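Written below as structure tokens is the structure these notes are about.
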Amino acid sequence: MKKQIENKWEDILSLLETQYDISSIMINTWIRSLKIYEVKDNIVYFYVDEKLGENAVKFLHRKEFDLFLLSSIRETLNNSDIDIVIDEKKRFISEDDTVKAPVESDSYKAAVSRSNLNPKYTFDTFIVGDSNRHAHATCLAVADLPAQDNFNPLFLYGNSGLGKTHLMQSIAHYILQKDDKTNVLYVPSETFTNEIIDAIKNHTTNEFREKYRKVDVLLIDDVQFIKDKDSTQMEFFNTFNTLYNDNKQIILSSDRPPKEIKTLDERIISRFECGVPIDIHEPDYETRMAILKNKAEMEHLTGIPEEVFVYIAENITNNIRELEGALNKISVYSNLMREEVTLETAKYSLKDIINKDTTVAITPDLIIKTVSEHMGISEDDIRSKRRSQDIATARQIVMYLCRELTVLALKSIGNAVGGKDHATVLNGVKRIEEKMVEDPSFKSTIDTIIKKINPSS
């Protein structure tokens, strides 16, 4: 059966895309690289690419890709008795057969240093959530097949502290792990700009061009800071064109989409937009909790109670660096004061970061975002015309909270949830009020959402 599946693998993947509407990016990133460990008693044991690890297993199960894959295999092979298991390879190996993970070679370490990469910024240490799943999948696809037309340049954008640099450098690590002789270079835009200025000033532009135009993969962080001088932008534009025409991978990041970068020449913006602009959003509550616990594990920060993780995740909502910084601050404070980490010591050590007296600007967007996270319903669905029970309830909760927590008119509330009229808004508010009276657990849910929107309430 193993041979049968391997021979029909492309047919199975094609069926996944056409019949189950799974995108080619998702297939290429998460499913194509699955390998068969063994077939036993009609069960096919697949293992994920070791570079993807446990996150891939969780993702495949959570999105039910494993069930879609099973259906595609059964249909393609015309065998309804087949079952599958997807896990990490190490789960299938007995302790006696376990092989130690290979030690990173000196040449790989030298390549990482030469490329200006942070050793910690790999796919293995990146926490995947709904806010960054598309960006993560795209970056994996680029890492696996760099310089493909559809992904070149790759342009990541989003607010500061959401993991753009981590994802960029993860691509570079992945490429170097496959071939550490690849010429990879990561630079912040400020470094790139200063080197251009120095090269022009010191008449060393040939050396500059030799450095930047001979790379296989160029990563430039925060391109919105590239100075708007004609000579600087000309060198940047020509470097970009040279690499692009030579089929080299270009990866860029910014705090805003290309068309909103006002300091750059229009022709540069058009080059950015010809590839794949991908946005990264603020992490949801579950992702923030996962980031904190992963950070604690990596830094060997033991003895932190669950309620401390919850406190940080509920109060620092839009910046991963601040999340991790808060955890570090608690640990440092605990060590200095030789006190056990408790919720009270956490609150005290973070009082300059988390100020409960700060007034929260409550807007429809904030309410929709919070309800979306808590209810597991996308913001787009809340604003859509879809009427399934779960979506309708989430939408009505938004209407109720906008009515309670803001001074907006009914028409404005209706506009915020996709253009509903005032009668629909009133009806939605009434339904939520009635359900809160009828069901104490539902009222508790509403109270929890209000606390998330405004922790000082």
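Please read these numbers as outputs of a predicted model, since none were measured by experiment. One is the number of the first residue; the rest follow in order along the sequence.
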Got [X] and [Y] here, is their nearest side-chain heavy-atom distance under 4.5 Å?
X	Y	answer
Ser253	Val223	no
Glu340	Thr345	no
Leu154	Ile250	no
Tyr285	Glu314	yes
Val308	Thr342	no
Arg267	Gln233	no
Phe442	Ile432	yes
Ser331	Asn328	no

Between [X] and [Y], does at least one N-O distance fall below 4.0 Å, as a salt bridge requires?
X	Y	result
Glu307	Lys347	no
Lys329	Glu322	no
Lys443	Asp447	yes
Arg383	Asp365	yes

Discussion item. Let's go through Tyr47 and Ile86 carefully: what are the C-alpha distance in whole Å and the side-chain angles of both, what is the deciding distance for side chain to side chain contact (heavy atoms under 4.5 Å, CB included) to 0.1 Å, and is it a yes or a no?
Written reply: CA-CA 6 Å; Tyr47 65 89; Ile86 301 176; over 6 Å; no
Worksheet item: Among Val142, Ile278, Leu145, Ile251, whose side chain to side chain contact (heavy atoms under 4.5 Å, CB included) with Phe151 holds?
Response: Val142
Practice prompt. Evaluate the criterion side chain to side chain contact (heavy atoms under 4.5 Å, CB included) for residue pair Leu167 and Ile171; output intermediate values, then yes/no.
Written response: CA-CA 7 Å; Leu167 272 179; Ile171 297 172; 5.9 Å; no
[atom1]-[atom2] distance between [X] and [Y], expressed to the nearest 0.5 angstrom:
X	Y	atom1	atom2	result
Ile368	Ile453	CD1	CD1	10.5 Å
Leu69	Leu13	CG	CG	7.5 Å
Phe236	Ile196	CZ	CD1	8.0 Å
Tyr174	Asp124	OH	CG	10.5 Å
Ile367	Ile413	CD1	CD1	8.0 Å
Asn116	Tyr186	CG	OH	9.0 Å

Please check: side-chain N/O of [X] versus main-chain N/O of [Y], any donor-acceptor pairing under 3.5 Å?
X	Y	result
Gln396	Gly428	no
Asp66	Val85	no
Gln169	Asn118	yes
Asn319	Ser160	yes
Lys164	Gly158	yes
Ser14	Asp11	no
Arg395	Ile382	yes
Thr76	Ser72	yes
Ser115	Leu117	no
Asn132	Ala135	no

Tell me yes or no: between the side chains of [X] and [Y], is some donor less than 3.5 Å from an acceptor?
X	Y	result
His374	Thr445	no
Asp216	Thr182	no
Thr287	Asp284	yes
Asp390	Ser388	yes
Tyr157	Asp255	no
Glu379	Ser372	no

For [X] and [Y], work out which heavy atoms get closest and say how close.
X	Y	result
Ile330	Ser349	CG1-OG, 3.6 Å
Ile36	Glu6	CD1-CG, 4.3 Å
Pro283	Ile291	CB-CD1, 4.5 Å
Ala143	Ile175	O-CG1, 3.7 Å
Ile316	Leu323	O-CD2, 3.4 Å
Asn152	Lys248	ND2-O, 2.9 Å

Practice prompt. Take the angle between the ring planes of Phe240 and Tyr244 and call it parallel below 30°, perpendicular above 60°, tilted in between.
Written response: parallel
Item to complete: Quick one: sort the His136 and Phe126 rings into parallel, tilted or perpendicular, breaks at 30° and 60°.
Response: parallel
Worksheet entry | Verdict with supporting geometry, Leu219 and Val217, side chain to side chain contact (heavy atoms under 4.5 Å, CB included) | CA-CA 7 Å; Leu219 308 95; Val217 182; 4.0 Å; yes
Worksheet item: Step by step, would you call Lys293 with Glu297 a side chain to side chain contact (heavy atoms under 4.5 Å, CB included)?
Response: CA-CA 6 Å; Lys293 291 183 177 183; Glu297 183 178 340; over 6 Å; no
Practice prompt. Show your reasoning for whether side-chain hydrogen bond (donor to acceptor under 3.5 Å, both in side chains) applies to Ser71 and Glu75.
Written response: CA-CA 6 Å; Ser71 297; Glu75 186 171 338; over 6 Å; no
Discussion item. For Tyr37 together with Phe46, are the ring centres under 6.0 Å from each other?
Written reply: no
Worksheet item: Are more than 12 heavy atoms from other residues, nucleotides or ligands located less than 6.0 Å from atom CZ of Arg74?
Response: yes
Item to complete: Tell me, please, whether Phe237 has Arg271 positioned over its six-membered ring: NZ or CZ under 6.0 Å from the ring centre and within 45 degrees of its axis?
Response: no
Item to complete: Hey, could you give me each pair passing side-chain hydrogen bond (donor to acceptor under 3.5 Å, both in side chains) that has a residue in residues 422-442? Not counting sequence neighbours.
Response: Asp421-Thr424, Asp439-Ser441
